[in-house]
Amino acid sequence: MGYLGEEIRKLGFGLMRLPQKDGVIDVEQVKEMVDLFMEAGFTYFDTAWAYAGSEDAIRQALVERYPRERYQLATKNAAWINCKTKEEAYAQFDTSLKQTGAGYFDFYLLHNLGEGRSHYFDDFDMWDWVLEKKKAGLVKHVGFSFHSTPEELEAILQAHPEMEFVQLQINYADWENPAVQSGRCYEVARKYGKPVVIMEPVKGGMLATPPPSVEKIMKEAEPDSSTASWAVRFAADMEGVITVLSGMSTVEQMRDNLSYMRSFTGLSKSQKETLDKAREELKKIPLIPCTSCNYCAKVCPVGIGISGSFTAMNYLTLYSDIVRAKQQEGWLVGKHGQKSADACIKCGKCEEACPQHIRIRDTLEKVKDVLLA
């Protein structure tokens with residue numbers, strides 16, 4: 001039995017990075033993934049108004065195919081995305097209800113609080129508003145997702161004890177990362193007795209394909225286990241966790257996650273030691289900590305392919321292949337209809353939206369100097 005009176009197992013299906021076909025979400029593949037997930041006894045699905053096409057896809061793949069009482073559906077309100085009035089922010093809820101067809105949401109989150117984004121939820125009186133949705137039976141549990149400092153998290157929890165849970169970015173790479181401080185944020189949530197939903201356990205896929213030196217440590221310990229499994233298990237091993245969201249993009253990823261999470265009971269001492277070694281090795285490699293959430297792209301007035309540019313730079317760091325890195329930049333940015341790094345006007349909107357606290361403007365300058373020269 002999970003927290004908040006819900007029977008939830010420790011793996012949740014994150015719907016941010018669903019499989020695509022010809023540039024749109026492949027609903028038929030999503031249906032197959034949903035079926036595998038449900039058949040294995042897992043029930044928690046996480047989407048958001050800001051995940052383009054995701055709410056509509058889960059309506060077709062889940063809501064229209066399974067009894068409503070058999071699963072939990074979470075979605076989110078991103079009031080900081082192009083909302084100038086509270087009415088525009090509130091309208092996201094109605095849009096989510098319509099797109100999912102779910103009737104109500106088991107978990108509803110004020111989305112991506114922290115830094116310059118938090119004030120929107122205060123300005124629009126969304127804390128009281130979301131409680132009204134709960135009283136009306138349209139939401140069962142209210143909480144928020146968070147990307148900022150443990151000090152700001154504590155201030156929010158002190159100001160809003162009515163919030164029932166918090167969603168945090170937690171993974172072994174960011175546990176001690178001074179820019180993310182996921183370990184300290186987790187401790188703050190536990191201090192206030194708030195159960196935690198974990199997001200980004202595989203850091204946007206980065207920990208599924210870690211640097212070769214990190215992968216070597218894991219393969220020596222467990223030759224048959226995927227590197228992604230280490231990341232998910234690290235998160236699932238923590239106390240007070242409702243579920244761990246994995247943003248699965250393929251049927252193969254779903255099968256892999258189910259293979260070890262179906263019977264997961266915790267990490268052994270030797271497994272924890274392996275993760276400690278992997279974390280120390282990862283610290284030596286200066287990768288750009290981009291998870292391709294693309295919140296930056298949603299607010300960029302120029303339309304720069306920021307995450308694609310950073311993926312190409314990380315490729316160069318890992319493999320020292322400038323030719324392939326430039327090809328990556330050309331494909332991920334130009335071929336996808338986005339502007340290259342040299343189009344940046346330095347407005348800084350991207351940095352206000354970035355959950356990873358990346359100095360995007362400075363990093364785009366490096367992309368320009370290295371990959372566009």
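Quick note: residue numbers are just sequence positions, from 1.
Rounding to the nearest 0.5 Å gives a distance of 6.0 Å between CG of L267 and CG of L275. If you take CD on Q181 and OG on S148, they are separated by 8.5 Å, rounding to the nearest 0.5 Å. Between Q20 atom CD and D26 atom CG the span is 9.5 Å, to the nearest 0.5 Å. In this structure, the separation between CD on Q29 and CE on M248 is 12.0 Å, given to the nearest 0.5 Å. The distance from the CD atom of Q253 to the OG1 atom of T250 is 3.5 Å, given to the nearest 0.5 Å.
L245 and V251 fall into different hydrophobic clusters, where Ile, Leu, Val, Met, Phe, Trp and Tyr side chains are chained together by heavy-atom contacts under 4.5 Å. Grouping the Ile, Leu, Val, Met, Phe, Trp and Tyr side chains by contacts below 4.5 angstrom, directly or via other members, places F165 apart from L168. One hydrophobic cluster holds both I58 and F37 under the rule that ILVMFWY side chains link at heavy-atom gaps under 4.5 Å. Connection of M199 to M16 is not established within any shared hydrophobic cluster, with ILVMFWY side chains joined at heavy-atom distances below 4.5 Å, either directly or through further cluster members. Side-chain heavy atoms closer than 4.5 Å link hydrophobic residues (I, L, V, M, F, W, Y) into clusters, and following such links, even through other members, never connects V202 to I217.
Under the 3.5 Å distance criterion, with hydrogens and angles disregarded, no donor-acceptor pair is assigned to the side chains of E329 and S340. Donor-acceptor pairing under 3.5 Å is recorded for the side chains of Q72 and T43. Under 3.5 Å, the side chains of K133 and Y104 contain no donor-acceptor pair of N or O atoms.
The pair R361-E352 does not count as a salt bridge, with every side-chain nitrogen at least 4.0 angstrom from each carboxylate oxygen. Under a 4.0 Å N-O distance rule, the pair E115/R117 qualifies as a salt bridge. Ion pairing between a basic and an acidic side chain is recognised when a charged N comes within 4.0 Å of a carboxylate O; K31 and E28 show such pairing. Between K194 and E164 there is no salt bridge, since none of the side-chain N atoms of the basic residue sits less than 4.0 Å from a carboxylate O of the acidic one. Salt-bridge formation is not detected for the pair E176/R184: no Lys NZ or Arg NE/NH1/NH2 atom is positioned less than 4.0 Å from an Asp or Glu carboxylate oxygen. Salt-bridge check for D321 with R324: failed, with every basic side-chain N at 4.0 Å or more from each acidic carboxylate O.
For residues 335-347, the set of pairs meeting the salt bridge (charged side-chain N to carboxylate O under 4.0 Å, His left out) definition, not counting sequence neighbours, comprises K346-E365. Residue pairs meeting the salt bridge (charged side-chain N to carboxylate O under 4.0 Å, His left out) criterion with at least one partner in residues 245-266, sequence neighbours excluded, are E32-R255. Here salt bridge (charged side-chain N to carboxylate O under 4.0 Å, His left out) pairs that include residues 96-110, with residues two or more places apart or in two chains, are R68-D106, D106-K140. Residue pairs meeting the side chain to side chain donor-acceptor pair (under 3.5 Å) criterion with at least one partner in residues 301-313, sequence neighbours excluded, are N294-S307. Counting only residues at least two apart or in different chains, salt bridge (charged side-chain N to carboxylate O under 4.0 Å, His left out) contacts with residues 229-241 comprise E222-R233, D237-K272. Sorted by first then second residue, the side chain to side chain donor-acceptor pair (under 3.5 Å) pairs that include residues 77-87, not counting sequence neighbours, are N77-Y108.
Here the side chains of Y120 and L110 are not in contact, with every heavy-atom distance at 4.5 Å or above. Using a 4.5 Å heavy-atom cutoff, the side chains of L207 and L282 are in contact. Put simply, the side chain of L113 reaches to within 4.5 Å of the side chain of I156, judged on heavy atoms. Between C83 and Q92 there is a side-chain heavy-atom pair separated by less than 4.5 Å. Between H111 and W49 the shortest side-chain heavy-atom distance does not fall below 4.5 Å. In this structure the side chain of L153 reaches within 4.5 angstrom of the side chain of F144, judged on heavy atoms. In this structure the side chain of F13 reaches within 4.5 angstrom of the side chain of L18, judged on heavy atoms. Taking 4.5 Å as the limit, every side-chain heavy atom of K219 sits out of range of all side-chain heavy atoms of P223.
Counted within 6.0 Å of NZ on K326, heavy atoms from surrounding residues, nucleotides or ligands total more than 12; the atom is thus considered enclosed.
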### Message
Using the rule given for salt bridge (Lys or Arg N to Asp or Glu O under 4.0 Å), can you reason through K283 versus E280, listing the C-alpha separation, both sets of side-chain angles and the distance that settles it, and then say yes or no?
### Response
CA-CA 5 Å; K283 288 179 182 178; E280 291 305 311; 3.1 Å; yes

### Worked check of salt bridge (Lys or Arg N to Asp or Glu O under 4.0 Å) between K191 and E154
CA-CA 9 Å; K191 173 183 174 181; E154 184 156 27; 2.6 Å; yes

### Task
Given salt bridge (Lys or Arg N to Asp or Glu O under 4.0 Å), test K366 with D369 step by step and report yes or no.
CA-CA 5 Å; K366 295 177 182 177; D369 293 344; over 6 Å; no

### Query
For C300 and K349, what are the C-alpha separation, side-chain angles and deciding distance, and is it a side chain to side chain contact (heavy atoms under 4.5 Å, CB included)?
CA-CA 6 Å; C300 177; K349 291 183 178 180; over 6 Å; no

Side-chain polar contacts of residues 123-132 - donor-acceptor pairs under 3.5 angstrom, sequence neighbours left out - could you list them?
residue, atom, partner, partner atom, Å
D123, OD2, H119, ND1, 2.7
W127, NE1, D122, OD1, 2.8
W127, NE1, H160, NE2, 3.3

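Closest approach of V139 to H141, counting heavy atoms only: CG1-O, 3.3 Å. In terms of heavy atoms, A50 sits closest to K298 at O-NZ, 3.0 Å. Residue S225 comes nearest to S229 through the heavy atom pair CB-OG, 3.7 Å, listed as atom of the first residue, atom of the second, then distance. Counting all heavy atoms, side chain and backbone alike, G114 lies closest to F146 at CA-CE1, 4.2 Å. Shown here for T47 and S54, the closest heavy-atom pair between the two residues is OG1-OG, 2.7 Å. Heavy atoms only, all atoms of each residue included: T227 and P210 are closest at OG1-CD, 3.7 Å.
Residues satisfying the side-chain hydrogen bond (donor to acceptor under 3.5 Å, both in side chains) criterion with D174, sequence neighbours excluded, are Q169, N171, N177, K203. Evaluation of the ring pair (Phe, Tyr, Trp, His ring centres under 6.0 Å) rule for Y44 yields F107 as partners, not counting sequence neighbours. Shown here are the side-chain hydrogen bond (donor to acceptor under 3.5 Å, both in side chains) partners of T75, two or more places apart in sequence or in another chain: E55. Qualifying side chain to side chain contact (heavy atoms under 4.5 Å, CB included) partners for Q60, counting only residues two or more places apart in sequence or in other chains: V27, D56, E64.
Judged by distance alone, the side chain of R9 and the main-chain N or O of A40 form a donor-acceptor pair under 3.5 Å. Of the possible donor and acceptor atoms, none in the side chain of R70 sits under 3.5 Å from a partner among the backbone N and O of Y66.
You'll find the ring centres of F42 and Y71 outside the 6.0 Å limit. You'll find the ring centres of H147 and Y295 outside the 6.0 Å limit.
The hydrophobic cluster containing V323, built from Ile/Leu/Val/Met/Phe/Trp/Tyr side-chain heavy atoms closer than 4.5 Å, also comprises I288, V302, I304, I306, F310, M313, L316, I322, I345, I358, I360, L364, V367, V370, L371.
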